Novice: 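Okay, handing you the structure first.
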Number of protein chains: 2
Amino acid sequence: MSEIFKALADPTRRRVLQLLRERPMTAGELAEQFPFSKATMSAHFAVLREADLVASDKRGTSITYSLKLSVLEDGLLAFAETLGIGTSKVRASTIISTEEKG
Amino acid sequence: MSEIFKALADPTRRRVLQLLRERPMTAGELAEQFPFSKATMSAHFAVLREADLVASDKRGTSITYSLKLSVLEDGLLAFAETLGIGTSKVRASTIISTEEKG
DNA sequence: TTTGTGTTTAGCTAAATAACGAAATATGAG
DNA sequence: CTCATATTTCGTTATTTAGCTAAACACAAA
């Protein structure tokens with residue numbers, strides 16, 4: 001649980017997850033989108049891997065990362081439940097709207 | 001956003017939030033529940049205050065902390081939306097169940 | 001096998017974090 | 001005013017983190 005929140009605490013890593021939501025991408029493709037060295041980005045990927053938020057698929061010379069959305073969902077929901085939010089054990093992917101915001 | 005996740009990244013602080021969900025408590029009452037010094041706990045409270053996750057009410061000689069649940073909910077939901085989870089702008093407190101888990 | 005490309009690891013630095021005890025601050029009681 | 005209590009702030013230490021460059025590793029192609 002701590003590992004998930006630590007992973008999410010960095011804006012670069014949140015942005016990586018957001019990019020991976022669109023489609024799986026290689027480490028290089030991801031790194032291109034940020035103003036940091038590939039080594040630094042590699043360290044960010046390692047944190048996301050540790051938190052089990054991404055899967056890495058080594059193919060040939062490059063590594064493709066993809067988002068493990070259910071791990072993220074389940075993690076956030078598990079936490080929400082410890083606070084009594086969403087006590088009804090809903091899966092996020094099936095939430096339906098009951099009230100519009102704003 | 002980062003501040004919220006940083007606050008949640010520590011298990012002691014998550015537990016504080018959980019305790020505050022039951023009822024508001026003074027700094028001292030909270031600190032009693034943990035094996036750390038009051039100074040250490042005070043630093044944790046400061047992080048929670050920085051993230052705006054708790055309100056502090058000074059009354060007499062003691063300070064009562066209370067959970068700002070809506071800030072937490074809105075923060076988590078705002079993040080969820082950046083990932084396309086719960087795109088329908090639901091407030092967590094009004095979620096209704098559509099599928100049981102487990 | 002050599003070369004090139006993609007990625008990670010190693011080694012470093014600066015800044016942030018979590019913990020402590022001791023000191024400072026604020027308030028209510030006497 | 002003085003004392004006791006509640007809480008925070010200060011100063012220190014050890015650990016972790018985010019960034020860098022350079023080196024190493026893995027693999028595909030020539």
Side-chain angles (χ1 to χ4, degrees), chain A residues 1-20 22-68 72 75 79, chain B residues 1-20 22-68 72 75 79:
Chain A
M1 182 84 105
S2 288
E3 282 166 342
I4 290 186
F5 286 123
K6 270 179 202 166
L8 297 181
D10 184 283
T12 297
R13 289 192 290 263
R14 288 198 302 274
R15 180 78 185 125
V16 168
L17 295 179
Q18 214 175 318
L19 289 169
L20 289 181
E22 308 289 332
R23 62 181 175 83
M25 295 175 75
T26 66
E29 281 179 302
L30 285 169
E32 275 176 8
Q33 319 262 349
F34 297 86
F36 305 120
S37 74
K38 300 197 172 195
T40 293
M41 293 307 298
S42 181
H44 281 306
F45 301 151
V47 172
L48 292 171
R49 263 188 271 118
E50 284 277 315
D52 198 32
L53 291 176
V54 298
S56 59
D57 182 25
K58 184 164 209 162
R59 182 171 309 225
T61 173
S62 66
I63 296 180
T64 298
Y65 283 104
S66 52
L67 177 60
K68 293 176 85 166
L72 182 51
F79 170 68
Chain B
M1 180 85 105
S2 289
E3 282 166 342
I4 289 186
F5 285 122
K6 268 178 204 169
L8 298 181
D10 185 283
T12 297
R13 288 191 291 261
R14 288 197 302 274
R15 181 77 186 126
V16 168
L17 295 179
Q18 212 176 321
L19 289 169
L20 289 182
E22 309 289 333
R23 62 182 176 84
M25 295 176 75
T26 67
E29 281 178 302
L30 284 169
E32 274 176 11
Q33 319 262 348
F34 297 86
F36 304 119
S37 73
K38 301 201 172 194
T40 293
M41 293 307 298
S42 180
H44 281 305
F45 302 152
V47 173
L48 292 171
R49 263 187 271 117
E50 286 276 316
D52 198 33
L53 291 177
V54 298
S56 60
D57 182 27
K58 184 163 209 163
R59 183 172 307 225
T61 174
S62 67
I63 296 181
T64 297
Y65 283 105
S66 52
L67 177 60
K68 293 176 85 167
L72 182 50
F79 171 68

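What you see is a predicted model, and the numbers here were worked out from it, not measured in a lab. The chains referred to below are lettered A, B, ... by the order of the sequence lines, with proteins before strands, and numbering in each begins at 1.
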Novice: Does any pair with a residue in residues 53-62 of chain A pass salt bridge (Lys or Arg N to Asp or Glu O under 4.0 Å), and if so which ones, sequence neighbours excluded?
Specialist: D57(A)-R59(A)
Novice: Which nucleotide span of DNA chain C, 5' end to 3' end, has atoms closer than 4.0 Å to non-hydrogen atoms of chain A?
Specialist: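 For DNA chain C, the relevant span reads dT5(C) to dT9(C).
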Novice: Give the residues of residues 9-17 of chain B touching DNA chain C, defined as any heavy atom closer than 4.0 Å, sorted by residue number.
Specialist: D10(B), R13(B)
Novice: Could you tell me which non-hydrogen atom of E3(B) sits nearest to which non-hydrogen atom of A51(B), and how far apart they are?
Specialist: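 Looking at all heavy atoms of both residues, the shortest contact is O-CB, 3.6 Å.
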Novice: Which value, rounded to the nearest 0.5 Å, describes the distance between D10(B) atom CG and L48(B) atom CG?
Specialist: 9.0 Å
Novice: Determine, for R23(A) against E29(A), whether the closest basic-nitrogen to carboxylate-oxygen distance falls under 4.0 angstrom.
Specialist: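 Yes, this pair counts.
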Novice: How does each nucleotide of nucleotides 6-16 of chain D score, in 5' to 3' order, for protein heavy atoms under 4.0 Å: base (B), sugar-phosphate only (S), or none (-)?
Specialist: SSBB-------
Novice: Indicate the atoms forming the closest heavy-atom contact of A9(A) with P11(A), along with that distance.
Specialist: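 Smallest heavy-atom distance, with atoms named: O-CD, 3.8 Å.
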Novice: Say you draw a straight line from CD1 of I63(A) to CG of L30(A); how long is it, rounded to the nearest 0.5 Å?
Specialist: 11.5 Å
Novice: Can you tell me which residue pairs pass the ring-ring contact (aromatic ring centres under 6.0 Å, His included) test with a partner in residues 26-68 of chain B, sequence neighbours excluded?
Specialist: F45(B)-Y65(B)
Novice: Find the distance H44(A):NE2 to dT17(D):P and express it as a whole number of Å.
Specialist: 12 Å
Novice: What is the minimum heavy-atom distance between S42(B) and R49(B), and which atoms define it?
Specialist: O-NH2, 4.2 Å
Novice: Compare every heavy atom of L53(A) with every heavy atom of A7(A), then report the nearest pair and how far apart it is.
Specialist: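 Scanning both residues, the minimum pair turns out to be CB-CD1, 3.9 Å.
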Novice: Which residues pass the side chain to side chain donor-acceptor pair (under 3.5 Å) test with K6(A), sequence neighbours left out?
Specialist: none
